[in-house]
There are 2 protein chains.
Amino acid sequence: MLRAPKTLAAVMSNSPMSKDEVVDRLFAVFTDQGYDGATLAEISRATGLGKSSLYHHFPGGKEDMALAVLARADEWLRVNVIAAVNGPGTPRDRLMRMLDAFNTIYAGGKNACVLGKLVAGTARPLFQRQLREIFSRWIGALEKVAVDAGVPQRIARSRAEDAVAGIQGALILSAGLADSEPFRRRLRAIVDDLLAKAPKR
Amino acid sequence: MLRAPKTLAAVMSNSPMSKDEVVDRLFAVFTDQGYDGATLAEISRATGLGKSSLYHHFPGGKEDMALAVLARADEWLRVNVIAAVNGPGTPRDRLMRMLDAFNTIYAGGKNACVLGKLVAGTARPLFQRQLREIFSRWIGALEKVAVDAGVPQRIARSRAEDAVAGIQGALILSAGLADSEPFRRRLRAIVDDLLAKAPKR
DNA sequence: GTCTATAACGGGATAGAC
DNA sequence: GTCTATCCCGTTATAGAC
């Protein structure tokens, strides 16, 4: 998960929601509805903030909100992926920790990926730089683990790209088939795919 | 390509556009803008038809148009994939023909996939049945080729899913990185991935 | 910082003439 | 079948009180 959600008590006493919490809600909305599909009315409902309050926090409107969500996604990646890469354990151990994180944030294949949704939206040009940075960081982290495991750099790079693309595609496919199994199977296979000793792939 | 486009002369003499041609334009618009991002104004511009004419041909509005596009995608798949599977040549030959078709319709990684875009939109529930059928047909075709090449059924099925997901994900990744190389590399690798003799994968 | 109210616009969809 | 004109609603965004 991104952060601990507000307790029910906190919600019902309408205690002030921190900006972090607001961004978490935005993250969920954009993940679910995409950029073009997300309306201010729904965002208002999901955050409990009126439109004026939203524009107070995000003067640039939806675009600002999506940028905040992308920053959050980047932060999530640093905490859950980059940190795991530089952490203790064998390459396999480290990958397993990352996969746990992915399994959680994608809810076992029932959630979409906010990156994929923003890539698919008509506003993608607005976010191209951020998307490129995040995808590059993600690929770089996987590449590093494979290299640590003895995979040659060039092959590690290709496998890392395949791993990221495989996850994105599995999420699309699972959504299209209305069956989360393709995603779950992809996650199970990803460690061996990245670290395989075989010369090809 | 889907069909031969109208000649410039035909366009400029505003000769009547066939419904097939109209659907081709719709296909392009939904591929580019997605369902939520496609506006009737843009659809009207892309087809050269006024809104009333559009509603004459598609009484259900955007939803009807998207369904026509999905039917076209299914037809495309039957012609370019299913037919190739049942055609002559070695499994590898047949796969190469399919990949040519995919390379063309995705413009070497510069175009998106209309299926992925419709999966990502908020109207996905409306198209769930069609999406499921098309993805299943696509996977089934690839599975059959692998089986023909001697790959055990269960493994062939997994690889076919991976192939479809890999293409979808590579398109997302190429768009996110603004670099079509990941897609092109994925297409190059896909035949060996499907037909490999190795026990795993 | 949040609210109510509303502006300003674009969205999908329709009526009716031709 | 296509056009012009229009409706109605949802959308983004802002104003101004509190």
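The sequence lines fix the lettering, A, B, ..., with proteins before strands; numbering per chain opens at 1.
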DNA chain D nearest-nucleotide lookup for A/Leu40 and B/Gly48: closer to the 5′ end is B/Gly48
Charged N-O contact under 4.0 Å between B/Arg186 and B/Glu181 = no
Do the charged groups of B/Asp192 and B/Arg92 touch, with an N to O distance under 4.0 Å?
-> yes
Where along residues 26-34 of chain B does a heavy atom come under 4.0 Å from DNA chain D, residue by residue in number order?
-> none
Would you call A/Arg129-A/Glu133 a salt bridge at under 4.0 Å N-O?
-> yes
Could you tell me whether A/Asp93 and A/Arg97 have a side-chain N and a carboxylate O separated by less than 4.0 Å?
-> no
Whole angstrom is fine here: how far is it from CE in A/Met17 over to P in C/dG1?
-> 15 Å
With A/Val114 as reference, evaluate A/Ile105, A/Asp32, A/Ile134, A/Val69 under the side chain to side chain contact (heavy atoms under 4.5 Å, CB included) test and give the passing residue.
-> A/Val69
A/Ser52, nearest nucleotide to its side chain (from C/dC3, D/dC3, C/dG12) | C/dC3
Please map the stems of DNA chain D, keeping only stretches of three or more Watson-Crick or G-U wobble pairs with both distances under 3.5 angstrom.
-> C:1-18 with D:1-18
Nucleic acid contacts - residues 53-60 of chain B versus DNA chain D, non-hydrogen atoms under 4.0 Å | B/Ser53, B/His56, B/His57
Steps toward salt bridge (charged side-chain N to carboxylate O under 4.0 Å, His left out) verdict (A/Asp179, A/Lys110) = CA-CA 8 Å; A/Asp179 172 10; A/Lys110 286 191 282 295; over 6 Å; no
Evaluate the side-chain proximity of B/Arg94 to B/Asn86: yes if any heavy-atom separation is below 4.5 Å, no if none is.
-> no
A/Leu49 has an atom CG; how far is it from atom C1' of D/dA13, in whole Å?
-> 16 Å
Determine, for A/Arg159 against A/Asp193, whether the closest basic-nitrogen to carboxylate-oxygen distance falls under 4.0 angstrom.
-> no
NA contact type, A/Lys62, heavy-atom cut-off 4.0 Å: base, sugar-phosphate, or nothing?
-> sugar-phosphate
Ionic contact status for B/Arg157 with B/Glu161, cut-off 4.0 Å = yes
Salt-bridge test for A/Glu75 and A/Arg78: reply yes if a basic N is under 4.0 Å from a carboxylate O, no otherwise.
-> no
